[in-house]
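The structure displayed is predicted, hence computed values, not measured ones. Lettering of chains follows the sequences in order, A, B, ..., and the numbering in each one begins at 1.
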Amino acid sequence: MSLLTLADVRAGYGPVEVLDGLGLRVDQGEIVVVLGANGAGKTTLLRAISGMIPLHGSVCFDDVEVAGRKPEELVRMGMAHVPQGRGTFNDLTVEENLQVGGFARSADEVAEDLDRWLDVFPRLRERRDQTAGSMSGGEQQMLAIARALMSRPRLLLLDEPSLGLAPLITADVFERIAQINAELGMSVLVVEQNANLALSIAQRGYVLETGSIVASGSAEELSADDAIRRAYLGV
Amino acid sequence: MNTRVRWALFVAVLVVAAVIPQIAATGTVNRMSEILWVAVAALGLSLLTGFNGQISLGHGAFLGLGAYTTMILTVDYGVPFAAAGLVAVALAFVVGVAVGLPALRITGVYLALVTLGLATLFPQIVVRFGTITGGSVGRQLLPRPGYGDSELLDRIGQRKFLGQAGFRAPAWTGLADDQWRFYVFLVIAVVAFLLVRNLTRSRVGRGLVAIRDNETAAEVAGVRVDRYKVVTFGLSASLAAVGGWMFAVLNNQVSPTSFTIALSITLLVAAVLGGAASIVGPLLGAAIVVSIREAVPADSQRFSQVAFGAVLIIVMLVAPGGVVGLYRTIEARLRRRGAGGASNDAATSTSTRPDVPGVSR
Amino acid sequence: MTVALFVQRVFDGLQAGAIYAILALAIVVIFRASGLLNFAQGELAMFTTFIAWALLDSGLPWWAATILATVIGFGLGAILYRLLIVRLGGAAANPLAIVIVTIGLFLMLNDGAGIIWGSNPAKVPRLFGDGRVELLGAGISVQVLGLLGVLAVLVIGFGLLFQRTKLGLALRAVTSNPESAALAGIKVVTTLMIGWGLAAAIGSLAGTFTASQNLSVDTNMMQITLIYAFAAATLGGFDSPLGAVIGGLVIGLVSELVVGYVSIIGPDLRLLPGFVLVLAVLLVRPQGLFGSAKVARA
Ligand SMILES: Nc1ncnc2c1ncn2[C@@H]1O[C@H](COP(=O)(O)OP(=O)(O)OP(=O)(O)O)[C@@H](O)[C@H]1O
Ligand SMILES: [Mg+2]
């Protein structure tokens, strides 16, 4: 069953149109990857979905038309967005970051989830009272993901989680995403440039070029495609 | 508007300005003189804020510095007005640089804050040095005790002081005092405006704007950011002091209540309303501000102040470029429509000529 | 120099400083919430003080008038944020534009109050009465002690609000990263409206105390106070409420003592010590004594 469906989505910044009538789908429990080069419009796509920029066209989330709704409403509907560059609250402590992540939830739920994610990410427990700004890039990425999970989302939007991380750390991040997906059945839409790992955990994928989807298929099909291998897998 | 039309308009305005004093009453002429001093000071602010992105809420203090310097030098020491003006300008430049130096490290809102402090401090300094400045009463065309009398001036070999008489029209001109004063102001204003215009269109001017838009990028591009900013602050303060000289010459008196925060804000209103990043903007703004003040009865000035406050807010919300910016937008829109129409029926015409829209910024 | 005179001056300084501290607290709340400075903060306080006075004049007891005016101040601050600052782009706005708009508001409030209530100062009673307490030979007015008490309550209240409540967390999150705050489900505009409202409400208290100290309320009473409050916030650090309060008290003390004991400066140049202090702080330690280094770059 489809959780998120985009149809003919156009969006951009002022007069500049970046997304050019784009459609895609994410099913319940699925990990979907969108591949694209710098400036293809990946970030714009996620910003449009989570209501940070206005859009034309249709975004259906959980069978409700949500185009034009604000981010704070969408969080309450079960959508969480980890922005590019992580978007941690750098002046706040790790614990406070997580509390903000659970802002839309009750205090009891927050306390419960806080413990749970600190168990999953022991590094964060160690640094519980440290400010987010003083942590390493990898730790911040973990924190950003944990913060998004605090809202108990049904759909997690991830913007280039590998950005600026060492390959080993990136692998760790992706492994955890796959794990959480498997355990919770939470859907994930991840946009990436670095396709290797993303395709390894995804079931399906799309290729985005200058604002349009130019190819789609299962992860295996995409990994096997010569053109895609050359463009995004660095082979 | 292309350059030729601009110059024609400039000359036309000058001619009209030159003719009016011949037919208008003294009150009107003095009002026009007032517009000019506000305009010159606002021009200084515009250079600083509009072109260089440094804000000042304290230009009233520089204006006051110029006015007091002029008053004291001419009345007490018999210094000729022109020389007093030069001293005032130099002094303001030095003080402006002194304020501009810390401003290098204090950017944006902090600069607004420090200059606001300066504006508030100025009247207090005046009162503190009351023996020279006349304290809270201020100074008129009356030397302070022991100064300005011919005996002292004779001793130091200077001609008899002319302060008591104020700024009078020389006999050879055959003009009344107010007319003469206005013509002198007009010449000063024209010179100031042309100088600033040429400055902003030069390489230096492009450097100033580059700093305003992105300081780091400007630095990387080889603009000597520190030097530019400090000198701009100094020049801007000097222009305010020129306005102060004109103030003293026009009113023949100065007092601390004339140079409070209110004056600094008035200058800001004139600059912003007219269009801070433009040359004619301050003149237009000054004309509007002085005219509104004039139109409102003296016992209802608070209403014009409220209106000015509203103007500041509305301009920033609706037309941050002020009157000049609004004009440019409309002109550009008309031009685009015109160009669109032309290309429809005449693809072969020369309408694609790059007519550099809005040459000036 | 007698001990009694010194003690007297210290308390005079603290009395003035406590008011600077309260207004500085308002400035810091807004700076923390939105990274902006409101140059109309003092005039807003003056305006709501006039409202309090009008309510008092209409027969309300002073405490009811004060509370009502504070609530109205809250509303004014919130509306101001919603109607003006949001339209300018909120925290992302050009700081110059915010300065100019708040200066416009300064003019409108100042002369608007003059139009509504007249330019002549109106009489106001002392909030804490005329009592005095003897200390080391100096008579300390109950007014000062009451004021310091209110300040302490405010500081503790604010500490708790920011550190212990969900609203405080939201305010800090919005300050730190407005975009992520929205993505976490925080209603950013509403939160900032509350922040600006709180600031205006605190400012309103500063206005009431200034009036009750001067025994009158007039349109220009907050202008010098605003400068001092900015000085206090600069000294303490724009993002530190505690710093603002300490800064306010220090500025009040230093001004009073310098003016009292350094005859070259004297009462005419009352503003100079604070001004010099601020300039020195901005040049040497731009983030203030208690602020975080981040602010310096802002
Ligand atoms: N705030 C903005 N204003 C105007 N144009 C923008 C803005 N943000 C992005 N763009 C433009 O939109 C296009 C797509 O940008 P986007 O950030 O979506 O790309 P991306 O695929 O995420 O790239 P990257 O891999 O570098 O993050 C680019 O051409 C970019 O210049
Ligand atoms: Mg991106």
query = At what distance, to the nearest 0.5 angstrom, does CD1 of I224(C) lie from OG1 of T120(B)?
reply = 6.0 Å
ask   = Can you tell if the side chain of L57(B) reaches within under 4.5 Å of the side chain of F39(C), non-hydrogen atoms only?
value = yes
inquiry  = Can you give me the closest heavy-atom contact between L118(B) and F275(C), atom names plus distance?
reply    = N-CE1, 3.6 Å
request  = Could you grab the distance from atom CD1 of I103(C) to atom CD1 of I55(B), nearest 0.5 Å is fine?
outcome  = 7.5 Å
key: Region of L268(B) that comes under 4.5 Å of a non-hydrogen atom in chain C   = side chain
inquiry  = Under 4.5 Å from any heavy atom of chain B, what part of Y228(C) do you find: side chain, backbone, both or neither?
reply    = neither
inquiry  = Does Y228(B) have more than 12 heavy atoms from other residues, nucleotides or ligands lying within 6.0 Å of its OH?
reply    = yes
note = If one checks every heavy atom of I265(B) against chain C at 4.5 Å, the contacting part turns out to be side chain
query = By a 4.5 Å heavy-atom criterion (distance strictly below it), what part of V127(B) contacts chain C: side chain, backbone, both, or neither?
reply = both
query = Which atom pair, heavy atoms only, marks the closest approach of M108(C) to V306(B)?
reply = CG-O, 3.5 Å
ask   = CD1/I100(C) to OG1/T49(B) distance, rounded to the nearest 0.5 angstrom?
value = 7.0 Å
query = Just wondering, more than 12 heavy atoms not from R82(C) lying within 6.0 Å of its CZ?
reply = no
Part of I227(C) within contact of chain B (heavy atom distance under 4.5 Å) = side chain
Aromatic ring pairing Y110(B)/F238(C), orientation class (parallel under 30°, perpendicular over 60°, tilted between) = perpendicular
query = What residue in V101(C), V99(C), L271(C) has the most heavy-atom pairs under 4.5 Å with chain B?
reply = L271(C)
inquiry  = As an exercise, state the distance from OG1 of T266(B) to CG of L107(C), rounded to the nearest 0.5 Å.
reply    = 7.0 Å
query = So how far is it from I115(C) CD1 to S300(B) OG, rounded to the nearest 0.5 Å?
reply = 8.0 Å
request  = Please examine the side chains of R212(B) and L96(C), heavy atoms only from C-beta on, and report whether any two atoms are closer than 4.5 Å.
outcome  = no
request  = Could you pull out the closest heavy-atom pair between N110(C) and R302(B), with the gap in Å?
outcome  = O-NH1, 3.5 Å
note = For R270(C) and Q124(B), the nearest pair of non-hydrogen atoms, with its separation, is N-OE1, 3.5 Å
